[in-house]
*Asks:* 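The following block contains the structure, expressed as structure tokens.
Within every chain, numbering begins at 1; the chains are lettered A, B, ... in the order of the sequence lines, protein sequences first and strands thereafter.
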There are 2 protein chains.
Amino acid sequence: MNYDDAKIKFVSTWGSLGSLWGINKAMAQIQALLFISTKPLSMEDIMEDLKISRGNTSMNLRQLMDWGIVTKEIIPGERKEYFTTEKDVQELARTIAKERSRREIQPVIKVLKEVSSIKDDGTEKTKELIKQTKALHDLTETADDMINKLVSQKQNWITKSLLKLIK
Amino acid sequence: MNYDDAKIKFVSTWGSLGSLWGINKAMAQIQALLFISTKPLSMEDIMEDLKISRGNTSMNLRQLMDWGIVTKEIIPGERKEYFTTEKDVQELARTIAKERSRREIQPVIKVLKEVSSIKDDGTEKTKELIKQTKALHDLTETADDMINKLVSQKQNWITKSLLKLIK
DNA sequence: TTAAACTTTCAAAAATTATTGAAAGTTTAT
DNA sequence: ATAAACTTTCAATAATTTTTGAAAGTTTAA
């Protein structure tokens, strides 16, 4: 496989993985493109490479900046804006995990807490609802905590030794 | 909040969380309904409760069974089929993590391995592609491993002590 | 202040994904 | 073998999400 094929394969695979971390295809592809680029890219560059419209590029770049994954790079003397993505995978993972937690997991935890706190009226179905949503609440909270803590270890050694521990 | 409101809130929240674990709304809602039900439910019951069509119910129940989360329950003397879901959250999480890994993460790991193994032709861009996809490959593999291992601990104490370790 | 270079916005169109419902299929009882 | 009770399938439709492209907006240079 040559460079161009590998690049296309990587960008499209990473794009389709977007759903896994809750973003759309174009957004994931733009990030992928920046991730393997040796230099900042302009909107032109991205549109051309991914064959997507200017509007689409603009909107998705904005979202990526909202996520804190992509930053605008001002190149002195240049009129155009250039973009780069976080190049360190650990840091990237940390940012994504944090954002997903904030955007999606926290609100669910809140609802689960609410629902599992309703008054026990003594009926079997109420008892079951409370019991099951409480269990889900605990699990979700623990998992969220763990992901955030693991992923925020900047040094990799802790992760590695943890992995050994649980093997 | 009374039982009915709590139930509706839980089912719809869990449904919208479907995207987080990669399944559609109806599928997640059916699972939610079964999760808090004190007894197995028939297709009729589910259709009526969620106000969805017979076809939709049938297809999504099938998918839930494919995931290994829902099982058919035969009730002696009854003609209808009844359904239940895994009631233990730890086991549920284990099953979901395993399936997602198999369906989505493994194929990506495979592509990352492929792409990061292309021949280094000495150019800067090729070096960058190889370096970055390799880093992503390692991260993805480690994360996948970790999630699977953590989640497959049936006893909760390990999880708890791990959490303490990394706090 | 003007105009060129560039970016953002957003209504409309296209693409994708989910849902319906009725016909076809299956199982069970008699 | 028949019919009733039930489930599955799938083409058509509906809902949702993504993308486009052109007009409006912004910034910079002269």
*Asks:* If a pair satisfies salt bridge (charged side-chain N to carboxylate O under 4.0 Å, His left out) and one of its residues is in residues 48-62 of chain A, list it, with sequence neighbours excluded.
*Replies:* A:Lys7-A:Asp49, A:Glu44-A:Arg54
*Asks:* Measure CD/A:Glu78 against C1'/D:dT28 and give the value in whole Å, please.
*Replies:* 14 Å
*Asks:* Using whole Å, report how far CG of A:Leu64 lies from C1' of C:dT8.
*Replies:* 16 Å
*Asks:* If I take atom CD in residue A:Glu44 and atom C1' in nucleotide C:dT7, what distance separates them, rounded to the nearest angstrom?
*Replies:* 11 Å
*Asks:* Rounded to the nearest Å, what distance is computed from the CE atom of residue B:Met65 to the C1' atom of nucleotide D:dT8?
*Replies:* 11 Å
*Asks:* Could you list the donor-acceptor pairs under 3.5 angstrom formed by side chains in residues 26-39 of chain A, with sequence neighbours left out?
*Replies:*
| unit_1 | atom_1 | unit_2 | atom_2 | d |
| --- | --- | --- | --- | --- |
| A:Gln31 | OE1 | A:Trp14 | NE1 | 3.1 |
| A:Gln31 | NE2 | A:Thr85 | OG1 | 3.1 |
| A:Ser37 | OG | A:Lys39 | N | 3.1 |
| A:Ser37 | OG | A:Lys39 | O | 2.5 |

*Asks:* Send over the distance from B:Tyr82 OH to D:dT7 C1', rounded to a whole Å.
*Replies:* 14 Å
*Asks:* What is the separation between atom CD1 on A:Ile75 and atom C1' on C:dC6, rounded to the nearest whole Å?
*Replies:* 15 Å
*Asks:* Can you give one letter per nucleotide of nucleotides 13-27 of chain C, going 5' to 3': B for a protein heavy atom under 4.0 Å from the base, S for sugar-phosphate only, - for none?
*Replies:* -----SSBB-----B
*Asks:* For a 4.5 angstrom cut-off between non-hydrogen side-chain atoms, does B:Thr123 reach A:Tyr3?
*Replies:* no
*Asks:* Does the pair B:Asp145 and B:Thr142 meet the rule for a side-chain hydrogen bond (donor to acceptor under 3.5 Å, both in side chains), with working shown?
*Replies:* CA-CA 5 Å; B:Asp145 247 40; B:Thr142 305; over 6 Å; no
*Asks:* C:dT8, D:dT8, C:dC6: which one has an atom nearest the side-chain heavy atoms of A:Lys80?
*Replies:* C:dC6
*Asks:* Rounded to whole Å, please give me the gap between CE in A:Met43 and P in C:dT7.
*Replies:* 5 Å
*Asks:* Determine yes or no for a side-chain-to-main-chain donor-acceptor pair under 3.5 angstrom, with A:Gln132 supplying the side chain and B:Lys87 the backbone.
*Replies:* yes
*Asks:* Would a distance-only check, ignoring hydrogens and angles, find a side-chain to backbone donor-acceptor pair under 3.5 Å from A:Ser42 to A:Asp45?
*Replies:* yes
*Asks:* For the pair made of CD1 in A:Ile74 and C1' in D:dT28, what is the distance, rounded to whole Å?
*Replies:* 12 Å
